[in-house]
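Structure record follows, encoded as C-alpha cells.
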Protein chains: 2
Amino acid sequence: MAKKSKSEQSSTTMTDVEWVIMNVVWEQEPCAAGTVQEALDESHGWAYSTVKTTMDRMVTKGLLTRKAIRNLNLFSSAISPDKARRSELKRLLRRAFNGALTPMLQFLVEEEELGPEEIQQLRALIRQADRKSG
Amino acid sequence: MAKKSKSEQSSTTMTDVEWVIMNVVWEQEPCAAGTVQEALDESHGWAYSTVKTTMDRMVTKGLLTRKAIRNLNLFSSAISPDKARRSELKRLLRRAFNGALTPMLQFLVEEEELGPEEIQQLRALIRQADRKSG
DNA sequence: TTGACGTCACTACAAATGTAGTGTAATAAT
DNA sequence: ATTATTACACTACATTTGTAGTGACGTCAA
C-alpha cells in the first residue's frame, strides 16, 4: 500500500496543546515563542522549551509559519480560526454524530442546557441566516 | 506534584479508533471483538488484533466493560452515547470556542452551510426546547 | 569588553495511539 | 479422537503528543 503522500497536510487537526498555543498566536501574531510562553505562563506554566518545541512542530505541520529576523523567530498562523474551527467541528461530527449536522444541533438544543437567553440568541441567528439564504 | 489519582477516569476522552469501535459496540452490545472486527472490516480493514487490543485498552480506560463467558469475551459500553457526545462537545467548546456555547452555535448557523430544511428543523427544535423550559 | 539575559537549535524521554503478529488454548466439525 | 477454526492473552513497534533540559550564540547595558 502506497504510503500516504503527506505533501499536503491540510488536515488541520490540532492537539490540545496546539490549540492553546494557536489561540494565543491568533491574538498576537506575529509573535515570538517567548511571547506566547509568557502569555500562557499563569494559566499553564509551561517551560519556554515546551512552547518552543510545540511551535516548531506546528511549523512542520503547516499550522504556523516562521520568519527569522536577526536572532528572532516570528511565528504567524498559517490557518484561520474559522478554518480550524470548521475542521474541528467536522471531526466531531464525523466521530460522534456519524457526520450528520442536524442530530448534533438537536443534541445541543436538547441535551446541553440552553438557557432562555441562549435560545433567544439562537433564534436571532436563525432569522439572520434565513434572511440571507432565503 | 502528586500524580493524578486515576482511580476515576470519567474524562471519557476517546481517540479516533476508539470512537469507531464504540459506535459499533453501542449498536451490538454485548459483543465480541470478532464481531466488531467484522463489522468494521469493509470500512476500515483492521486486523482482529488491532480491534482486540484497542478494546482491551478501552476496558482499562473504563470505556468498556468485559464479561467472560467460557472462551468468549463479551464487551459492553460503560458510557452512554450521550455522555460521550457531551464530553466531546465540551472538549471542542473549550478548545475552539473558548468554552462559550453561543459563539459555537453562531458559527454553526453562519459558517456551516445550513440549508433551508436544516433551518426548519432547527426552528422546530427550538420551539420544543422553549416550550419545555419556559 | 564583559556579563547578563533572552532565544535558538537540538536532544531527550515517557505516555498515548495506531496497528499488528503470534503462540496457545478452547470449540466445533468429522 | 483428530483436525480445523476461533478467540485469547501477550508482545511489539513506529508515531505522535506532552513536556523539558542544555549548550551555544546574539544583544544590550554598564
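Here is how names work: the chains are called A, B, and so on, in the same order as the sequence lines, proteins then strands, and each is numbered from 1.
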For [X] and [N], give me the distance from atom [atom1] to atom [atom2], rounded to whole Å.
X        : N       : atom1 : atom2 : answer
Trp46(B) : dG18(C) : CH2   : P     : 8 Å
Met58(A) : dG18(D) : CE    : P     : 11 Å
Asn71(A) : dG26(D) : CG    : P     : 7 Å
His44(A) : dA20(D) : NE2   : C1'   : 16 Å
Trp19(A) : dT16(D) : CH2   : C1'   : 19 Å
Met55(A) : dT17(D) : CE    : P     : 17 Å
Asp56(A) : dT19(D) : CG    : C1'   : 14 Å
Arg66(A) : dT7(C)  : CZ    : C1'   : 12 Å

Contact class for [X] (heavy atom, under 4.0 Å): base, sugar-phosphate, or nothing?
X        : answer
Asn73(A) : sugar-phosphate
Asp16(B) : sugar-phosphate
Arg57(B) : base
Ser49(B) : base

Taking the minimum atom-to-atom distance to the side chain of [X], which one of [options] wins?
X        : options                  : value
Val17(B) : dT19(C), dG18(D), dG6(C) : dT19(C)
Thr53(B) : dT19(D), dC8(D), dA12(D) : dA12(D)
Thr54(A) : dC8(C), dA20(D), dT19(D) : dT19(D)

Establish, for the pair Arg86(A) and Phe107(B), whether the NZ or CZ atom is under 6.0 angstrom from the six-membered ring centre and no further than 45 degrees off its axis.
->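 Geometry flag: not set, cation outside 6.0 Å or 45°.
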Does [N] have its OP1 or OP2 closer than 4.0 Å to a side-chain nitrogen or oxygen of [X]?
X        : N       : result
Thr50(A) : dA20(D) : yes
Arg70(B) : dA26(C) : no
Lys52(B) : dA9(D)  : yes

If you measure only the distance, is there a donor-acceptor pair under 3.5 Å linking the side chains of Gln28(B) and Thr35(B)?
->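 Absent: no donor and acceptor within the cut-off.
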Option from Leu114(B), Leu122(B), Val109(B), Leu108(B) for which side-chain contact (heavy atoms from CB on, under 4.5 Å) with Leu125(A) holds =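 Among Leu114(B), Leu122(B), Val109(B), Leu108(B), the one that satisfies the side-chain contact (heavy atoms from CB on, under 4.5 Å) with Leu125(A) is Val109(B).
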Could one point to a donor on the side chain of Thr15(B) or the base of dA16(C) with an acceptor on the other under 3.5 Å away?
->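 No, no donor-acceptor pair under 3.5 Å.
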When you measure from the side chain of Glu88(B) to the backbone N and O of Arg85(B), does any donor-acceptor pair fall under 3.5 Å?
->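 Side chain of Glu88(B) to backbone of Arg85(B), a donor-acceptor pair under 3.5 Å: no, none is there.
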Roughly how far, to the nearest 0.5 Å, is CG of Leu40(A) from CH2 of Trp46(A)?
->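 Between atom CH2 of Trp46(A) and atom CG of Leu40(A) there are 6.0 Å.
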Does Tyr48(A) or Ala32(B) map to a spot on DNA chain D nearer the 5' end, using the closest nucleotide for each?
->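 Nearest nucleotide further toward 5': that of Ala32(B).
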